[in-house]
Amino acid sequence: MTKSQYYIPIGPIHPALKEPIRVEAKVEGEKIVEVDVKRGFAHRGIEYMGMKRNAIQALYLSERICGICSISHPYAFVVGSEKALGIEAPPRAQYIRTIIAELERIHSHILWLGVVAHEVGFDSLLFWTWKGREKVLDVLELISGNRINYSMYMIGGVRRDLKESHIKALKEMIDYYRIFNQEMKNLFLADPVYKARTRGVAQLSKEMALKVNAVGPTARAAGLRMDIRQDIPYDAYADIEVRGIVPQDIVGEVYGDAYDATLVRIYEIDQSVDIIEYCIDNLPEGKIMAIPNYVVLLSKIKRTKGEGIGAHEAPRGEVIHYFKYDGTRDGPAVWKVVAPSYNNINSWAPLLLGAEVADIPVVVAYIDPCMCCNDRIAVVRDSSGKIVDSTTLHRMAVEKTMRIKKELGVKE
Amino acid sequence: MGKLYSFKRSLWVFHASGGSCNGCDIEIIATLTPRYDAERFGIKLVGSPRHADVLLVTGAIPRDFADKLRRIYDQMSDPKAVVVVGNCGTSGGLFYDSYNLVGPIDEIIPVDVYVPGCPPRPEAIIDGVVKAWLKIEKLEKQLEGGE
Amino acid sequence: MTPNILAYAFAFPVLGIFLGLVYKGIDRRVSARLTSRIGPPIRQPFWDVGKLLLKETVVPENAISWLFNAMPLIALASSMTLLLYIPFGVLKAPLEGYGDLIVVLYLLTLQSLAMAIGGFASGSPFSSVGAQREMVLMMSYEMPLATVIVGFALIYRSFSLTTIASTPVWSIVGPIAGLGVIMLFIALLIVTPAELAKLPFDIAEAETEIAEGMLAEYSGRNLALFYLSDAVRGFAMAALEVVLFIPFTLSSIFNLNLTGASLYTVEALWFLFKVLVVYLLAVTLVRTSFARFRIEQASRIFWVYVNIIALVGLALVWMGV
Amino acid sequence: MVNKMMFVLLKQVVKKPFTNPFPVKHAPKNVTELIEKVQKGEVKINPPVPLPEEGFRGKIHYDPERCIGCQLCIKVCPADAMEWIPELRKIRHYVSRCMFCQLCVDICPGKKFPGEEKNVKALSMSNDFLLADYDKYSDNLIEEPPEAKEKGL
């Protein structure tokens, strides 16, 4: 019997993908023999828009780069901008930022665990994990006023203070997650079917991880101890000894597969809970904003020249923002964003080649992709599929204007 | 009993995410999870547009994506409805001046219910469902009156 | 064919659809409760079917339309016929004497086959992959299923379901053969979710992998027919297990002296209860608490483990009888 | 065929469901009638999951009396949701454009009426979040001074 080849397009709209991206796979039976990953469906031109707006507006634009890690991009934004502008946030604000960032890590990791359970068809586990996730969302809503998109950060501080009632809720939450996470370890790591579906799937070796520039939990699952919180500490992380969690610390061996990614993420929840506990126990008193008045802040930005890089360890990996303020306008003159999924998606093509159709959702999900984070540029192709560069594009635009002028009969 | 009696009670939903920031998408999933449990209204997320009655769209639509959204809409069998979740899809939201967005969703496909919010709470999405029921009931009355 | 049988033949499909949908409703409700949700009302499947019948039926452009439209009918007809072979408590099966357990085996296969052919005919890559998976899965679980049926043939020296229902299997087997029958029961329970395309073996309809698989292109009336056939088959499969392995009647347990209508009512309710218990254990609980297997893992499970269980069971039965 | 999940699930069966039955437990027979009954007070609707006591970011409420026309909110709004009405020297706010970031509320200087000690802001975040509508420019989704509507500005 000759094996027939099928062409399976996955995406841009597909139930396994919650966001638009396209994976084109040629399969023989169940085996994938050819794969192509196409991105760019969620490109919104955020950096370009940010360079036209003022810094405060751009900060909130950066929050909408991604809704799941909605504090990661603002965090990198404020850290980078503060470096560029020479503003230092008060210690209390730094601690509050760290608490919010770790709360977000808890919610994002639990979300990922639920999603990956859903991808392998384990819907009851999705329901169970998301039931536990509501607790941290409640706390975030209590502190920030919304379940997602917290709008907490500001250049030079945070906008809302932690009150007594918030700290009480946080302490209660810490106790809850200590127990919940223990149960989660039992349910995920000990489940035979879950293990059968994830062990050996999406296996990324150390060398491969370095080659495709994997970051965050994906790289840590492959055994690379890399974590921005440990390598370039900032804010409250500078006071805490954060060590990146790698599977060899926990079980002694590294496979680098989706099962290890689960392991790393579950143990990182423990770590986040510890960090939050440290922060609320050692929360300094004082101001929460270096420059509380936005008008003053904007005029200071307008006067300042400088550049800086802000990095933050988002739940998915490192987020890096580059800024240049040129002292002529109240927004960034140059703003460049590097999101973790941009690196991690590189691992799809090598991992999918030779895998099975059933593994596509697991491979796609295990890096916790975030398309909206990584679609940063739009590429224009001509009819033959060649990329059109900017000079040609400009020439074509001029030509089109001339043609339209001619058609309309406009005289110079 | 109206003609659309069972239609109202069994809305199967297909979810298409455009250039959204994911905030709305995860709130849609949260609507299905135990705290809010949309399945008690007969709402089910399905994996194929052919099965769906309602198209949930989130996010402002990038240029590349507009024709795909149109195609998904055409693939759904009649009668069908479109619900837009979140402000980006409703009006462009804070991406109002982006060069790569083709604008609000109602310029591409007809929209029945808007759920504003950034992102809307799961209850607000359920409220959108209630509004959709009301619209169906109005339609039912019209059908009965017309015949 | 007597008028009596004809009356049965018309009443049964209606009853079968009704019961199938009710059981599906209970299944969804219990599954929701298992995951700490309220869940849809038990009438929900009726509304689903009502809605699907109301919707437009689309035939995709590149589908083979007559095949595409015929397969849902064949699927529903085969599961309906399957129901006609199953004795309902103390009621006789309507088609008793027109072929028994072997026909049941064929009818179970026919429905899966209809779905697979419908998948191939719809011309979408997802449906084709789904149909391929269904075929592979079918080949894997048919063997243990056949083994179970051979085991029963060994015990009774007959394929008649009515005989099996009237004399409980436990009363005629010794301890060794009894152990064998228990193993056969376990094998059949594991086959059940695969036969009904439920988790952890709903590989052919995997939503997240291949967008509902074989059913991806179906809509409206055709989808409603598949929905119904799925519901009826779920009920029939559970009923078959009850007939084969839990045939005890209430009157024989408690030595009741019921006659006429009251006997039939009580026994019918008792039968429905038994079916419900089997349905909840073998389908609802399993489908809620497991993840989906990969196709080659599922094949290995059936070819190796379930087959071993079934064959050892068969050997024990053979030694015992 | 037994795993740990099964025990967790069986434990959940006996417990009360975690679901918050907002607005009603199941789909009602007739929603129009239900809403009429609720308005008459015959039936009660289950409340949503409780909001935080303070600081919830719902729909923005605009009080034109307090507005001094400084346009700071327009300057700071990331989504350009505020529109300046030059004739009245007031603003119009489109809720369907808003991103609920509260920046305009923070920056609003507000106005002091005679006899008051402190400035009261013209903009405030309400607890209103059930905003679904058929029309994105419906009255509920636009906050504007009443004169603007009368004069059709």
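Quick note on labels: first sequence line is chain A, next is B, and so on, each numbered from 1.
Closest heavy-atom contact between C:Tyr218 and B:Arg50: O-CB, 3.7 Å. The two residues C:Ser36 and B:Pro34 have their closest heavy-atom pair at O-CB, 3.8 Å.
Atoms CZ and CD, on B:Arg40 and C:Gln44 in that order, are 12.5 Å from each other to the nearest 0.5 Å. One distance of note links OG of C:Ser219 with CE of B:Met76; it measures 11.0 Å at 0.5 Å rounding. For the atom pair NZ (C:Lys51) and CG (B:Leu11), the distance works out to 7.5 Å, reported to the nearest 0.5 Å. One distance of note links OG of B:Ser77 with CD of C:Glu56; it measures 5.5 Å at 0.5 Å rounding.
For the pair C:Lys55 and B:Trp12, the NZ or CZ position fails the cation-pi test of under 6.0 Å to the six-membered ring centre and within 45 degrees of the ring normal.
Under 4.0 Å is where a charged nitrogen must lie from a carboxylate oxygen, and between B:Glu39 and C:Arg28 at least one such pair does.
Heavy atoms of C:Leu52 lying under 4.5 Å from chain B belong exclusively to its side chain. Contacts between B:Ala38 and chain C at a heavy-atom distance below 4.5 Å are absent for every atom of the residue. Of the two parts of B:Lys80, neither the backbone nor the side chain holds a non-hydrogen atom closer than 4.5 Å to a non-hydrogen atom of chain C.
A side-chain donor-acceptor contact under 3.5 Å links B:Asp37 to the backbone of C:Ile38.
Interface summary for chain B: among C:Thr57, C:Leu223, C:Val58, the most heavy-atom pairs under 4.5 angstrom belong to C:Leu223. Heavy-atom pairs under 4.5 Å with chain B were tallied for C:Gly50, C:Gly39, C:Pro41, C:Ala32; the largest tally goes to C:Gly39.
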